[in-house]
Amino acid sequence: MLDKKYNHLLVEEGKYQKWLDNGYFEPTGKGDYYAIVIPPPNVTGKLHLGHAWDTTLQDILIRFKRMQGYNVLWVPGMDHAGIATQAKVDAKLKQMGINPRELKREEWLKYAWDWKEEYALNIHDQWAKLGLSLAYSRERFTLDEGLSKAVKTVFKKLYEEGLIYRGERIINWDPLAMTALSNEEVIYKETKGAFYHLKYYLEDKSSYLDVATTRPETLFGDTAVAVNPRDERYNHLIGKQVILPVVNKLIPIIGDEHADPEFGTGVVKITPAHDPNDFEVGNRHNLERIIVINPDGTMNDAALKYAGMDRFACREELIKDLEKEDLLINIEKITHNVGYSERTDVMVEPYLSKQWFVKMRPLADKVLANQLAKNTKVNFVPARFEKVMNHWMEITYDWCISRQLWWGHRIPAWYKGDEIFVGDQAPDETWVQDPDVLDTWFSSALWPFSTLGWPDATEDLKHYYPNNVLVTGYDIIPFWVNRMTFQGLHFTGQRPFKDCLIHGLIRDKEGRKMSKSLGNGVDPMDVIEKYGADALRFFLTTQTAMGMDLRYDEEKVKSTWNFINKLWNASRFVLMNIEDLKDDLIDLKTLKEEDKWILTSMNETIKIVTKNMEKYEFNNVGSKLYSFIWNDFCDNYIEFAKFSLDDITTKKVLLKVLTNILKMLHPFMPYVTDEIYSMLPIHEENIMISKYPLYEKKEVFKETYNSFKDKQEFIKNFRTIKLENKIGKDFKIKINKENDYDLIFKLLRIDQDQIINSSNKKAFKVSYKDYDLDIIYESIITEEDKLLKEKQIKSLKNSIERREKLLSNENYLKKAPKDLVAKEKETLALEKDKLAHLLG
RNA sequence: GGGCGCUUAGCUCAGUUGGUUAGAGCAUCUGCCUUACAAGCAGAGGGUCAAAGGUUCGAGUCCCUUAGCGCCCACCA
């Protein structure tokens, strides 16, 4: 027998291990194939609420499809997370008193792998707490052997196709991590800065140009000053030279469209090695590229006496010196967008560097073309997110994939002088391998097929690719979804997944992003400890519409717990009364009207829930189940059932409805449903491998359902009138319209001896359709009551007037559906009836 | 600058292809210890659906304009 109160700690204990031991998480080998690959969490740390949300959505789909008989595979795995992990490992080493830079690459990697093992254990533990039914036999890690093979294969093929190249370009440089970054890894933030207006004197010193810059320290790398050729203020100067301040060398004044006459002073200094636009200008005019900053953000020898200073310290000193020499015109304070490294949060330095790039245009065009093909495109849910991907594909430019790190896939390229060899092994010992590794997202982009064994033609790949759905947050679309899509398309000729289910971000109660700096993060493990994984899962997945952000609100988790407690107690009641049940076959001929009503409602619920599960509309599933369980089953059917607990049909209906409730809830609440299900007198081996409920037409009784609803409506009216008129216990009843009042009287606790034929005392009329009776009771009507009654009369009159107008509208009668018109007429009759009663 | 989203009850959110008097949870008020559950039961109150206009017999829903908030992308030195 169940305890009196739901205890999530007891319920959830040991269940995950039991499921694992029974092999329930692994593909069954039977049924149609259905696959999801988990978005691999970084091995850097703990899972947060966003992970809990994302993975629960997937587990819901997997459990649902498994119960529907699919041969499901949910691939678990983790991501090595290059920069993030390397930074954490370095920090840990420093704490241990070890300077990571002094270690040999192999030594350092040993520490990193130890870190990975430790954190992988944490993540496994958290997946288990969440109840995720992952097929661990297929677990992968982005740096494991198979995935490394996939990465090398892709790199080599793209290189051979000319879609990967090595070149000198301006890239985003992170001076703290000392690595190149892709555009996606740069976050632009409004930052207070300044325009420093400097004097660049003409070579004859007759006058100067006002050159404004936000990064004066780059002037050491200036190799020209540009003006717009159409700018009449300056175009006569093109071809002349100016004196570069401090450096005191002559640089040319060039004419280039890049200089915008409308912006600033119209004169722009050109630093080809430290600005992407200037780099282009430099190419057009064959300018020298002078790098003035070291990889660590300090100035190099080109910065003369400032060499060795940090870039910002240099800026400060330089400005002081320029002021002394009267080369500073003024400092204009501005707020502008400055790029920061996503991982280290330091200001990114545009930097000339030799890196590996993926040529994006042909790959992106393939995606854009494929998205036009309805049957083979990636189908986003909600659909609006397709635009996010397509826009990215339209404007994308070459992807910088090399990273100056140790933690990652070593670039499979070897050099011998100017020669490059790309492949698994160096041709001979005279070749030297590129020391860099690949961007983490390069390997993640292959995840949907590399985890299934690609490039080998494995059985898993054959059956589970394309994946059925990918579930992730909208913030990951540029980093990951887009790249999986073009890589999948290019290497397998197919979309990586049919559907792409997009959810939002978790926010705190005030709507702010959860972040370390705000300290408003919530650890899902704490929530599970307090309210259980079932409550957390149901809360996370049923609160908002897909694609919307979610505010974490502990009160709501608490009320979800209450809902589970309600289910628990209802189950307790059912179990107490059906212990002796030997079979669950219901003889439809023995059904009472309340049985027919609940079975009809249950089947409608099954239909709606299944439909919404398939449309990924879990919020609708949640509210439908909530109202069916709480309102229909608990508040109504169980109350009716109390009058016929010795009836075998009642027992069987109780069992049937509870069984289906548990099954429909199971994908959301795996633990508590398993617990209760296993205690039912008749059940399958385990709920998670049981059959999902099907809509049974023979259990649907539309007519009885509708007439029974009238009865319930009447009961409600009775209660309202009784409460509003402050009617005590000693009332009498006079029946005005003959009908079956049996269940009504039982429920309202009206005894036979309360029923009389006539009375001259005050009577309150209660009626609904074919039910009509008087409550006879002496009562005191207060002013308040009168006001309330007047209010009701007024709103009824308004409603009647509105409806009469509607029903006299010929256009409406002509164009509106017939059954709707009939319903309106019926409602109008009821309202008129009600008004007559109120007016006495 | 371009794009997207949001604005519905005191709060947090639902609201399918337009179709009864717009729903839920929490909060509020009233009455109940009815033996599954007081973390409960039975009822009630509360919204001119951001503003204005349009299409329609009918608009929270479709179209146009506007305002506020938020996000993404691009970016001018």
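Scope of the values below: all heavy atoms of this structure, side chains included, with no hydrogens, waters or symmetry mates. Quick caveat: nothing in here was measured; it's all calculated off a predicted structure. Numbers restart at 1 for each chain; the letters A, B, ... are given by sequence-line order, proteins then strands.
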Within the pair A:R551 and B:U12, is there a side-chain N or O less than 4.0 Å away from OP1 or OP2? yes
Pairs: protein N or O with nucleotides 24-32 of chain B N or O, under 3.5 Å:
residue: B:G25; atom: O2'; partner: A:S559; partner atom: OG; Å: 3.2

Can you tell me, in whole Å, how much space there is between the P of B:G70 and that of B:C26? 31 Å
Tell me which nucleotide among B:C37, B:A44, B:C13 gets nearest to the side chain of A:K566. B:C37
Do A:D222 and A:Y200 have side-chain N/O donor and acceptor atoms under 3.5 Å apart? yes
Which atom of A:Y397 lies closest to which atom of A:M360, heavy atoms considered: O-CG, 3.6 Å
How is A:K509 classified with respect to the nucleic acid when contacts are heavy atoms under 4.0 Å: base, sugar-phosphate, or nothing? nothing
Can you tell me, in whole Å, how much space there is between the C1' of B:G15 and that of B:G47? 14 Å
What interatomic distance, in whole Å, is found between P of B:G23 and the corresponding atom of B:U66? 33 Å
Using a heavy-atom cut-off of under 4.0 Å over every strand shown, decide if A:K716 touches base, sugar-phosphate, or nothing. sugar-phosphate
Expressed in whole Å, how much space separates the C1' atoms belonging to B:U17 and B:C11? 32 Å
Quick check: closest heavy atoms across A:P382 and A:M546, and the distance to 0.1 Å? CG-O, 3.2 Å
Which listed nucleotide (B:U20, B:C57, B:A14) is nearest to the side chain of A:A545? B:A14
I want to check one thing: is the phosphate of B:G43, taken as OP1 and OP2, less than 4.0 Å away from some side-chain N or O of A:R719? yes
A:R384 side chain, from C-beta outward: closest of B:C13, B:C6, B:C4: B:C4
By ring pair (Phe, Tyr, Trp, His ring centres under 6.0 Å), A:F640 pairs with (sequence neighbours left out) A:F708
B:G60 versus B:C41 - spacing of their C1' atoms, nearest Å: 34 Å
Nearest to the A:T827 side chain among B:C57, B:U20, B:G19, which nucleotide is it? B:U20
I need a per-nucleotide contact map over nucleotides 70-77 of chain B, read 5' to 3'. Cutoff is protein heavy atoms under 4.0 Å; write B for the base, S for backbone only, - otherwise. ---SBBBB
P atoms of B:U34 and B:A39, separation to the nearest Å: 15 Å
Watson-Crick or G-U stems of RNA chain B, 3 or more pairs, under 3.5 Å, by first number: B:1-7 with B:67-73, B:10-13 with B:23-26, B:28-32 with B:40-44
Quick one: does A:T213's side chain have a donor or acceptor within less than 3.5 Å of a partner on A:R215's backbone? yes
For A:D635, report the nucleic acid contact type (base, sugar-phosphate, nothing); a contact means any heavy atom under 4.0 Å. sugar-phosphate
Contact class for A:K5 (heavy atom, under 4.0 Å): base, sugar-phosphate, or nothing? base
Answer yes when A:E257 and A:R230 have at least one side-chain N-carboxylate O distance shorter than 4.0 Å, and no when they do not. yes
What is the minimum heavy-atom distance between A:T544 and A:N619, and which atoms define it? O-CB, 3.5 Å
State plainly whether the residues A:D231 and A:R233 are in salt-bridge range, i.e. N to O under 4.0 Å. yes
Quick test of your reading of the model: are A:R284 and A:D256 salt-bridged, counting only N-O distances below 4.0 Å? yes
Under 4.0 Å between any heavy atoms, over every strand shown, what does A:W561 touch: base, sugar-phosphate, or nothing? Just pick one. base
Salt bridge (Lys or Arg N to Asp or Glu O under 4.0 Å) partners of residues 540-553 of chain A, not counting sequence neighbours, each pair once: A:R507-A:D549
Identify whether any heavy atom of A:D475 sits under 4.0 Å from a base atom; if not, whether one sits that close to sugar-phosphate; answer base, sugar-phosphate or nothing. nothing
Is it true that A:R289 and A:N283 share a donor-acceptor pair across their side chains at a distance under 3.5 Å? yes
Determine the interatomic distance between C1' on B:A38 and the same-named atom on B:G46; round to the nearest Å. 25 Å
At under 4.0 Å between heavy atoms, what does A:E639 touch on the DNA or RNA strands: base, sugar-phosphate, or nothing? base
Between A:F618 and A:T541 the two heavy atoms that sit nearest each other are CB-O, 3.3 Å
Would you say a side-chain N or O of A:K624 is under 4.0 Å from OP1 or OP2 of B:A14? no
Say you pick atom C1' in B:G10 and the same atom in B:C73; how far apart are they, in whole Å? 38 Å
Which residues share a ring pair (Phe, Tyr, Trp, His ring centres under 6.0 Å) with A:Y768, sequence neighbours left out: none
